[in-house]
Amino acid sequence: MTVATRVGALHGGLLTALGTRIVSGEYPAGQVLTLDAVGVGHGVSRSVAREAIRVLESMGMVESRRRVGITVQPSTSWNVFDPNVIRWRLDAGDRVAQLESLSELRRGFEPAAAALAARRADPHQCRVMAAAASDMLVHGRAGDLDAYLSADLVFHQTLLDASGNEMFRALTGVVASVLSGRTQHGMMPENPNPAAIALHDDVARAIRMNDAAEAERAMRAIIDEAASAVAEEFTGSG
């Protein structure tokens with residue numbers, strides 16, 4: 001391992017450790033940290049600690065002030081769209097509240113993106129979405145959740161790109177974090193719901209046929225199905 005790689009690994013590990021402690025409430029809003037304490041507590045150099053704090057500052061999670069220290073900020077200040085923040089909240093925060101919030105967000109933009117894609121998608125994007133939906137069917141039947149997730153990610157990334165709207169495209173990481181988090185936290189059934197897979201195929205077909213209304217309807221149904229499945233998972237485990 002090169003020095004640069006080792007430093008990068010230390011930085012990434014420290015960033016995740018600090019972010020997780022903040023979202024979990026172990027480091028509550030208002031708590032003041034110091035670079036020295038962070039470095040010593042996590043066994044990293046001052047420069048590695050400083051870089052991690054800079055990243056957390058860019059996310060609105062901490063604020064550094066001379067002669068005050070590093071103050072943990074309330075969740076209202078966080079960049080909740082940052083994929084790292086989403087991942088940490090799914091890992092260590094209030095997972096139910098985070099997933100509900102993300103589902104509500106997705107309802108607000110993915111159906112609209114699907115409608116736009118029905119007007120703007122090029123033939124290549126249509127083929128990619130159709131192929132991704134087909135791959136989801138194959139991997140879902142086989143119970144290969146990792147391969148299923150990869151196809152699902154391709155589908156939604158391509159759809160947002162096909163919308164032709166740079167704002168929707170910028171939310172690709174948000175959707176990817178939701179889909180990945182559901183798989184990584186065991187909230188996917190061993191064999192994904194065939195109805196949900198069929199809805200992806202409906203969206204792909206509607207986009208290919210330039211049917212904006214149907215693309216929007218089917219995409220909303222996908223999000224509703226996912227939200228219901230997650231809610232059932234938590235209810236069943238409670």
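These values consider heavy atoms only, across backbone and side chains, with no hydrogens, waters or symmetry-generated copies.
- Nearest approach of L90 to G181, heavy atoms of both residues: CD1-CA, 3.9 Å.
- Judged purely by atom type and a 3.5 angstrom limit, W88 has no side-chain atom pairing as donor or acceptor with the backbone of P83.
- One finds the CZ atom of R87 at 9.0 Å from the NE2 atom of H185 (value rounded to the nearest 0.5 Å).
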Quiz item: Does the pair V72 and M61 meet the rule for a side chain to side chain contact (heavy atoms under 4.5 Å, CB included), with working shown?
Solution: CA-CA 6 Å; V72 177; M61 300 185 78; over 6 Å; no
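- The shortest distance between side-chain heavy atoms of T20 and Y27 does not fall below 4.5 Å.
- The shortest heavy-atom contact between V62 and I22 is CG1-CD1, 3.8 Å.
- I70 has its side chain out of reach of T34: every pair of non-hydrogen atoms, C-beta onward, lies at least 4.5 Å apart.
- Inter-residue side-chain proximity for H156 and T172 is flagged as unmet; no heavy-atom pair is nearer than 4.5 Å.
- Clustering ILVMFWY residues whenever any of their side-chain heavy atoms sit less than 4.5 angstrom apart, transitively, puts V174 in the very cluster that holds F155.
- E214 has its side chain out of reach of R205: every pair of non-hydrogen atoms, C-beta onward, lies at least 4.5 Å apart.
- Using a 4.5 Å cut-off between side-chain heavy atoms of Ile, Leu, Val, Met, Phe, Trp and Tyr, with links allowed through other members, F81 and I86 fall into the same hydrophobic cluster.
- When all heavy atoms are compared, the tightest approach of A52 to L15 is O-CD1, 3.7 Å.
- Under a hydrophobic-cluster definition in which Ile, Leu, Val, Met, Phe, Trp and Tyr are linked whenever side-chain heavy atoms come within less than 4.5 Å, directly or via other members, V128 and L160 are assigned to different clusters.
- Using a 4.5 Å cut-off between side-chain heavy atoms of Ile, Leu, Val, Met, Phe, Trp and Tyr, with links allowed through other members, I197 and V154 fall into different hydrophobic clusters.
- Distance alone, capped at 3.5 Å, places no donor-acceptor pair between the R120 side chain and the A162 backbone.
- Here the CD-CG distance, from Q184 to L179, works out to 10.5 Å after rounding to the nearest 0.5 Å.
- When every heavy atom of S103 is checked against every heavy atom of I223, the shortest pair comes out as O-CG2, 3.8 Å.
- N210 places no side-chain N or O within donor-acceptor distance of the main-chain N or O of R119, the cut-off being under 3.5 Å.
- Salt-bridge formation is not detected for the pair R220/D224: no Lys NZ or Arg NE/NH1/NH2 atom is positioned less than 4.0 Å from an Asp or Glu carboxylate oxygen.
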Exercise. Could you check D152 against H200 for side chain to side chain contact (heavy atoms under 4.5 Å, CB included), going step by step and ending with a plain yes or no?
Key: CA-CA 9 Å; D152 202 8; H200 284 74; 3.2 Å; yes
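- Interatomic distance, CZ of R169 versus CD of Q157, reported as 10.5 Å (0.5 Å rounding).
- Listed for the S101 side chain is no donor-acceptor partner under 3.5 Å among the backbone atoms of Q98.
- A donor-acceptor pair is defined here as one N or O able to donate and one able to accept, closer than 3.5 Å; no such pair exists between the side chain of N79 and the backbone of G60.
- Annotation: the span from R208 atom CZ to D201 atom CG amounts to 7.5 Å, rounded to 0.5 Å.
- Side chains of V138 and M136 form no contact here, defined as non-hydrogen atoms less than 4.5 Å apart.
- Using a 4.0 Å cut-off between a side-chain N of Lys or Arg and a carboxylate O of Asp or Glu, R107 and E104 do not qualify as a salt bridge.
- With a 4.5 Å cut-off on side-chain heavy atoms, Q125 and D161 count as touching.
- Across A151 and D135, no two heavy atoms sit closer than the pair CB-CB, 3.8 Å.
- Hydrophobic cluster membership is shared by L153 and F168, with clusters built from Ile, Leu, Val, Met, Phe, Trp and Tyr side chains linked at under 4.5 angstrom.
- In this structure the side chain of R182 never reaches within 4.5 angstrom of the side chain of L149, judged on heavy atoms.
- L199 has its side chain out of reach of M219: every pair of non-hydrogen atoms, C-beta onward, lies at least 4.5 Å apart.
- Atom-to-atom distance recorded for T158:OG1 and M129:CE is 6.5 Å, nearest 0.5 angstrom.
- At a cut-off of 3.5 Å, with distance as the only test, no side-chain donor of H139 or D146 sits close to an acceptor on the other residue.
- Taking each heavy atom of I207 and A121 in turn, the nearest pair found is CG2-CB, 3.7 Å.
- With values rounded to the nearest 0.5 angstrom, L105 atom CG is found 13.5 Å from E100 atom CD.
- Side chain of T16 to backbone of G12: a donor-acceptor contact under 3.5 angstrom is found.
- Without hydrogens or angle criteria, Q73 side chain to T71 main chain gives a donor-acceptor distance under 3.5 Å.
- Ion pairing of E57 with R54 is absent here, as no side-chain N (NZ or NE/NH1/NH2) approaches a carboxylate O to less than 4.0 Å.
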